[in-house]
Structures are given as C-alpha cells and as structure tokens.
Protein chains: 2
Amino acid sequence: MTDGRSRRREDTRQRLFVAAVELIAERGFSATTVDDIAARAGVAKGTVYYNFESKTALFEELLRHGIGLLTADFRAAVDGLPPREALAALVRAELEYIRRYRAFAQLLLSEMWRTNREWQQTLRLLRGEAIEVIAESVRAGVASGDLPADLDVGTASSALFGVGLVVAVDWLVFQPDRPIEDVQEALLGIVRRVAQT
Amino acid sequence: MTDGRSRRREDTRQRLFVAAVELIAERGFSATTVDDIAARAGVAKGTVYYNFESKTALFEELLRHGIGLLTADFRAAVDGLPPREALAALVRAELEYIRRYRAFAQLLLSEMWRTNREWQQTLRLLRGEAIEVIAESVRAGVASGDLPADLDVGTASSALFGVGLVVAVDWLVFQPDRPIEDVQEALLGIVRRVAQT
DNA sequence: GTTTTTATACTGACTGGTCAGTTTAGAAAG
DNA sequence: CTTTCTAAACTGACCAGTCAGTATAAAAAC
C-alpha cells in the first residue's frame, strides 16, 4: 500500500503544506500566491495543481490536517485522566502544539473568527471537533462535582481553547524571548483558580 | 471652522471607514477590493483616492481611529478608580466597545498577531498604547498590595486585553443569541478570581 | 442680489500589472 | 509502462491606482 510512489507523493504534499502554512500565516490567504507556495516548497507550479484541486482546496486540506493533529494530541493528553488533571493536561498539550506548529497556530488565530469565507464551514466544523474533546472533560468534571456546578460547558470549553491560543500566540509574537514554561505556568495557575469549586 | 465643505468631506471619510471595516472584518484586507469599499460607501472609486493616499493608508488610519476610541474608553473607565475596581471597569469597557464596534473588534482579532505586513508597526504601537492604560492599573495594584505581588505586569495586561477580545468575539461569532451580560459576568468572575491576593 | 471666479470634492473610464489556473511536451522515479 | 513531477508559455479575469473632466459651495466682483 505505501509503495515508493505514494510515499513520494505524500512527501510533496507535506512540503506544500509546510510552505503554504508559513506564507499564509505571515501574509494571509489572499496575499499568498500559488507561485510563492510552489517556489518555497521547491516544486513546479504544475505540481501544486497535480496534487490539489485548487488553492482553496489546498488550504482546506491544510486546515483539516493541522486541526486533526491538534485533536489527536488533545485526545492523547486526556486519556484516562480525571477531570481536573485532564484540564491541566489539555493546556499543556495546546501550548506544546502551538510551540511546535507556530505558524499554523498563528494562521488559526487569524482565520478562526472570520466570517463569509469559503472555508468558514470547514473551519467551524473542525473547531467543534477539537473543542468537543475539551468539553468531554469539562462535562465529566461538572457531573462528578470536581468542577463548579454553575460552569457552562460550551462557553468554558471554547474559552479555554481560545485563551490558550491567544496567550500563546501573543507570547510568540510579542515576547519571544520569554520561556514557554512561564506562559504555561501562568495559564495553569489561572485555570486552576477558575476551576476551584 | 466647520464649513459645509469640510463637514461633507469628514462625512465621506466616515462612510469609507464604516464600509472598509465591515468588508475587511469579513474577508480580510487583501480580499477586500477598493471598488467594494467605494460601492458600499456609495461613492466613486476616485473618491477613495481623493481622501486617502492608498488602500493601505486608509486601513492604517482606520486602525488609528478605532484603537484611539478604545484607548479613550479605557482611560475614561479607570478614571480615579482603585486598582481592583479599575480592572473590572476595564473589562466592562472592553466588552461594551466590542459590542458597539463589532466589526472592528473582529478585524483586530484577525490582524493583531499577523507578522510581516506593512501596517504591523503601526498596529504594534497602537496595541501598546491601549495596553499601557491597563498596565497602569495593574502596576498600581501590585504596588499597593491589592493584586498578587508575583503578577507580571506586562503579561497580565496583554493577557487581559487579549482574553477579552477572544472571548467576546467568539461569543459574537459562535453564540450570538447569548446575552452579553453572561459573557461579562463570566469574564468578571475569572478576573476577580485571578486577581485574588 | 446677481454674476463671475475659485477652491474643493467627487466621478468613472482607463491602464498596467498581477495572479489563479491551463496546457504542453517531456523527464525522472518507481 | 505508469505515476509523478518539471519547465515554460499562455489566458483571461481582476484590481490598485490614475487622470481628465464635472459638480458645487462659497467668496469676489459688480
């Protein structure tokens, strides 16, 4: 199944993803040209269109791929943990992810709350999947009494997700010298306080 | 001083601001055309260039105008208040602002953490001015012992600013039916807890 | 007060360039 | 002998910015 041909192809697609994510994080989708993406990936323009339907399709697959990884990390992080520990693990996982896929996180932050774009629907769905993992832990915690009973599951989950994203990206952009541990500690401290019953 | 001519011109500029902010919030800067802006403002394309140097210049002035209003609101909100009350007042002011200038808030969220764009410098400066108002209250609170001594002023201030923006815009985009008071209460509750000495 | 002049505000067709996407003939990899 | 990629030319839509000309309000001249 994974013969040399499809591995090679997967490699090319990966290089295109990396090139696209970096450029789009910097300049935004519309300001990034297909020629730029191809050049940075070290590939001919035709190859982009051999591997993807269109520029938009490339971007949508990129979103699917990136958020898919994040969701998987979230699932792995909470696996088997009780609610309060699960929340701490989620914060750690999110920051770790953002540190590793910095450009993708920046791109997400820029596109997440935009309306009226073609991929809006896709993004909304994917966001829902990632947040649902958080929501499961919050829901369990509220049910078991480990978390405040008056906590609104939906709001708390999306707030946790969004706050991690902003604080981490803000740190990456405006105070890149500061060690990530500081940010993680600050965020964990906040979550711990808010989670107090 | 305010003769018919300059009043008319100011009117046109205002209409262009409103049109531009709505379109850019939806589609982003690059995907918004000058023709679109002119059409929505109900003026000819040439008028845009009569009133502004370029598309980018229009956007930069828009940023200045919008963040200027926010900073002024912040100053008015904290005026004379002791630190802890000042923080609550800032949260209220920020949410009130976002409710009123919804599109601008969305635009800010999308463009704030982008790198390598022409207006990046301007935006960074303006962000600094707004956050400095928050920082003054935090600093005073830490000094007087009203706020935890180990609170990092810079991080806390920018986190407060960013969190308000994200939570509010997330609410506007994904749960528009929910009354703003809920969001305000939730946010105030969090800030109160975090601010505990 | 009516006419002429001037300054300011605005118009919209036009231009030069850019960019997504296509096409082609062929090379390289498997 | 098929799949994947290359290189380069090409098309057509779209778009930022320009410019010659028009409209209008106020000031100047009569």
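The figures that follow rest on heavy atoms only: side chains count, while hydrogens, waters and symmetry mates do not. Just so it is clear: chains get the letters A, B, ... in the order the sequence lines come, proteins before strands, and each one is counted from 1.
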Inset, instruction - Could you tell me whether B:R117 and B:E111 make a salt bridge, using a distance below 4.0 angstrom between a side-chain N and a carboxylate O? - result: no
Inset, instruction - May I have the distance from A:D35 (atom CG) to D:dC10 (atom P), rounded to whole angstrom? - result: 16 Å
Inset, instruction - Would you tell me whether B:R27 and A:N116 have side-chain atoms, one donor and one acceptor, within less than 3.5 Å of each other? - result: no
Legend entry - Whole angstrom value for the distance that separates C1' of C:dA20 from CD1 of A:I37: 11 Å
Legend entry - Side chain proximity check, B:E96 to B:D73, heavy atoms < 4.5 angstrom: no
Inset, instruction - Identify the residue among A:V191, A:I190, A:L187, A:V91 that makes a side-chain contact (heavy atoms from CB on, under 4.5 Å) with A:V163. - result: A:L187
Legend entry - Pair B:R92-B:E85, salt bridge (Lys or Arg N to Asp or Glu O under 4.0 Å): steps then yes or no: CA-CA 11 Å; B:R92 271 187 230 102; B:E85 287 169 41; over 6 Å; no
Inset, instruction - Would you tell me if any nitrogen or oxygen in the side chain of A:S6 comes within less than 4.0 Å of OP1 or OP2 on D:dT3? - result: no
Inset, instruction - Could you check which residues of residues 45-55 of chain B get a heavy atom under 4.0 Å from DNA chain D? Sort them by number, please. - result: B:K45, B:Y49, B:S54, B:K55
Legend entry - Nearest-angstrom distance from the residue atom CZ of A:R13 to P of D:dT3: 17 Å
Legend entry - Nucleotide D:dT4, atom C1' - distance to CG of A:D3 in whole Å: 11 Å
Inset, instruction - Indicate whether any N or O donor in one side chain lies under 3.5 Å from an N or O acceptor in the other, for A:D146 and A:S144. - result: yes
Legend entry - Whole-Å distance separating the CG atom of A:L16 from the P atom of D:dC5: 9 Å
Inset, instruction - Determine the contact category for A:T32: base if any of its heavy atoms lies under 4.0 Å from a base atom, sugar-phosphate if only primed atoms, P, OP1 or OP2 are that close, otherwise nothing. - result: sugar-phosphate
Inset, instruction - Using a cut-off of strictly less than 4.0 Å, decide whether A:R8 has a side-chain nitrogen or oxygen near OP1 or OP2 of D:dT4. - result: no
Inset, instruction - Check the distance between C:dC19's P and A:L23's CG and give it to me in whole angstrom. - result: 13 Å
Legend entry - A:L58 CG - C:dG21 P separation (whole Å): 10 Å
